Amino acid sequence: MKTRAVVLRATGAASQLAIDCIDLPAPQRGEVRIRHTAIGLNFIDIYQRRGLYPLTLPAVLGHEAAGVVTQLGPGVRSLRVGDRIAYVHATPGAYCDERVLPASQVLRLPRAVRDRDAAAIMLKGLTAWVLLRRLIRLERGDFVLVHAAAGGVGSLLCQWARHLGARVIGLVGDEGKVAAARRNGCRHVLLSRDQDWPAALRQLTGGQGARVVYDSVGKDTFMASLDCLAPLGLMVSYGNASGPPPAISPLELMRRGSIMLARPSLFHFIAKPTDLARGARELFALLGRRELRVRVGHRYPLAQVTQAHEDLESRRTTGASLLLP
């Protein structure tokens with residue numbers, strides 16, 4: 001059996017992505033076949049396309065999607081044909097019409113969660129869960145700085161941190177994204193291009209700095225992000241939108257007030273099905289109560305994947321972006 005897919009045969013620009021037909025094996029024991037209805041687009045896909053995170057080529061990109069179960073492999077009891085599902089998987093391969101995956105890595109969707117919302121939020125939402133619920137336990141009133149506060153993960157981080165009682169300060173690249181950051185729950189919004197934002201943050205926090213900084217930008221903002229931390233604060237570097245952050249001596253952390261540095265990967269935190277299910281329960285509960293809202297700013301047909309990548313890496317997007325089979 002064949003399926004349509006976006007195939008990367010050489011690393012580089014978005015023009016390296018091409019639509020092709022690839023073989024789709026029948027599901028083996030413990031596996032299911034899925035027909036995608038929506039596919040999430042993430043910066044990790046761009047890092048892999050550029051070669052920053054190496055893949056064995058040719059490869060199909062994409063780590064998250066939603067869809068419908070169309071076939072069960074032997075021994076699958078947790079799902080049925082026709083179930084609406086979503087997944088986030090460590091192995092890329094979501095940029096396609098159909099896919100086969102282990103049933104243990106597939107989550108049945110609650111009625112209150114739409115397919116497109118699920119496809120937009122599995123990787124980003126569970127990343128937010130790791131950053132806010134596993135790395136640290138925020139206390140009410142904590143100051144938090146969120147980079148790219150109008151972006152995919154950033155928008156969810158801001159909403160969830162606000163829900164937990166934090167005082168959220170958002171950072172965006174231009175005036176056009178300020179309103180979106182405020183809708184996401186930011187008490188204050190700073191502009192990274194037009195002001196000395198570490199000094200502005202210090203002023204907003206009465207000189208104390210932020211307890212946590214969530215930096216998805218990387219090279220261009222890393223050192224300035226460290227300048228925003230309060231003593232004993234936590235710097236979370238979880239993206240490389242501008243390139244990998246610079247190396248830093250452990251002594252630099254001590255000199256800045258015994259601050260801590262984390263560089264997490266979602267897939268280490270959800271490697272066990274029980275942890276994946278735990279995070280998804282929290283995520284789906286917030287979605288169901290509308291305490292967390294998915295903002296899908298851009299939708300592209302699968303055939304327009306090149307344009308989708310170019311828009312995302314040039315920071316022309318707001319909120320989450322989807323590919324539609």
Side-chain angles (χ1 to χ4, degrees), residues 124 127-133 135-242 245-246 248 252-264 286 291-293 295 315 318-319:
K124 302 171 192 69
T127 296
W129 172 71
V130 167
L131 301 185
L132 290 166
R133 305 290 286 161
L135 291 181
I136 192 171
R137 290 286 176 169
L138 291 177
E139 297 178 5
R140 185 167 295 276
D142 281 344
F143 283 107
V144 172
L145 175 65
V146 178
H147 285 260
V153 177
S155 64
L156 299 173
L157 270 176
C158 292
Q159 292 178 66
W160 204 329
R162 174 70 177 270
H163 170 71
L164 295 172
R167 290 180 283 185
V168 183
I169 300 171
L171 191 67
V172 298
D174 58 67
E175 287 279 2
K177 296 182 178 181
V178 171
R182 291 194 185 280
R183 287 195 301 271
N184 291 333
C186 294
R187 176 177 292 198
H188 304 283
V189 182
L190 304 177
L191 294 173
S192 60
R193 296 176 183 172
D194 300 336
Q195 64 184 129
D196 182 351
W197 47 271
L201 180 136
R202 288 282 175 185
Q203 185 174 12
L204 289 172
T205 60
Q208 70 184 77
R211 185 181 178 207
V212 191
V213 174
Y214 294 110
D215 189 334
S216 59
V217 178
K219 177 174 66 70
D220 290 351
T221 57
F222 183 81
M223 296 308 295
S225 289
L226 294 180
D227 292 337
C228 294
L229 280 170
L232 309 184
L234 173 64
M235 167 70 171
V236 183
S237 175
Y238 72 97
N240 314 281
S242 65
I248 184 172
E252 186 67 26
L253 305 178
M254 180 271 291
R255 284 194 290 266
R256 290 173 178 269
S258 296
I259 61 174
M260 294 166 281
L261 172 63
R263 184 56 173 93
L286 289 174
E291 291 169 350
L292 198 63
R293 294 177 183 268
R295 295 185 172 93
R315 304 186 75 175
T318 299

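Just so you know, residue 1 is the first one in the sequence shown, and it goes up from there. What you see is a predicted model, and the numbers here were worked out from it, not measured in a lab.
- The backbone N or O of Leu229 lies less than 3.5 Å from a partner atom in the side chain of Arg202, making a donor-acceptor pair.
- In terms of the side chain to side chain contact (heavy atoms under 4.5 Å, CB included) criterion, residue partners of Ala148 (sequence neighbours excluded) are, by chain and number, Ser216, Arg315.
- Side-chain N or O atoms of Arg187 include none that pairs as donor or acceptor with a backbone N or O of Ile169 at under 3.5 Å.
- The one candidate from Leu171, Val172, Leu157 that meets the side-chain contact (heavy atoms from CB on, under 4.5 Å) condition with His147 is Leu171.
- Remark: the backbone N or O of Ala199 is not paired with any side-chain donor or acceptor of Gln203 at under 3.5 angstrom.
- Here the side chains of Val153 and Tyr214 are not in contact, with every heavy-atom distance at 4.5 Å or above.
- Separation of atoms CE (Met223) and CD (Glu252) is listed at 5.0 Å; rounding is to 0.5 Å.
- In this structure Glu291 satisfies the salt bridge (Lys or Arg N to Asp or Glu O under 4.0 Å) test together with Arg289, sequence neighbours excluded.
- A distance of 13.5 Å separates CG of Leu292 from CZ of Arg162, quoted to the nearest 0.5 Å.
- The CG atom of Asp174 sits 7.5 Å away from the CG atom of Leu191 when rounded to the nearest 0.5 Å.
- In terms of modelled atom types and a separation under 3.5 Å, the side chain of Asn184 and the main chain of Ala149 share a donor-acceptor contact.
- Nearest approach of Ala166 to Leu138, heavy atoms of both residues: CB-CD1, 4.1 Å.
- Thr205 places no side-chain N or O within donor-acceptor distance of the main-chain N or O of Ala210, the cut-off being under 3.5 Å.
- The environment of CZ in Arg140 is sparse: at most 12 heavy-atom neighbours from other residues, nucleotides or ligands sit within 6.0 Å.
- Taking both residues in full, the closest heavy atoms of Leu164 and Arg133 are given as CD2-NH1, 3.9 Å, listed atom of the first, atom of the second, then distance.
- The side chain to side chain contact (heavy atoms under 4.5 Å, CB included) test applied to Ala230 returns no partner, not counting sequence neighbours.
- Of all the heavy atoms in Cys228 and Trp197, the pair that sits closest is SG-CZ3, 3.7 Å.
- At a threshold of 4.5 Å between non-hydrogen side-chain atoms, the residues Pro264 and Leu131 count as touching.
- Under the 6.0 Å distance and 45° angle rule, Arg211 does not count as a cation-pi partner of Phe143.
- Among all heavy-atom pairs drawn from Arg263 and Asn240, the shortest one is NH2-ND2, 3.1 Å.
- When side chains are defined from C-beta on, Ile136 does not count as touching Asp142, because their heavy atoms never get closer than 4.5 Å.
- Going from atom CZ of Phe222 over to atom OG of Ser242 covers 11.5 Å, rounded to the nearest 0.5 Å.
- Distance check: Thr127 OG1 to Tyr238 OH gives 8.0 Å after rounding to the nearest 0.5 Å.
- The nearest pair of heavy atoms linking Leu190 to Ala200 is CD2-CB, 3.9 Å.
- Looking at heavy atoms from C-beta onward, Arg295 lies in side-chain contact with Arg183 at the 4.5 angstrom threshold.
- Put simply, NE2 on His188 and CG on Leu204 are 5.0 Å apart, with the number rounded to the nearest 0.5 Å.
- Closest approach of Val168 to Gly185, counting heavy atoms only: CB-O, 4.0 Å.
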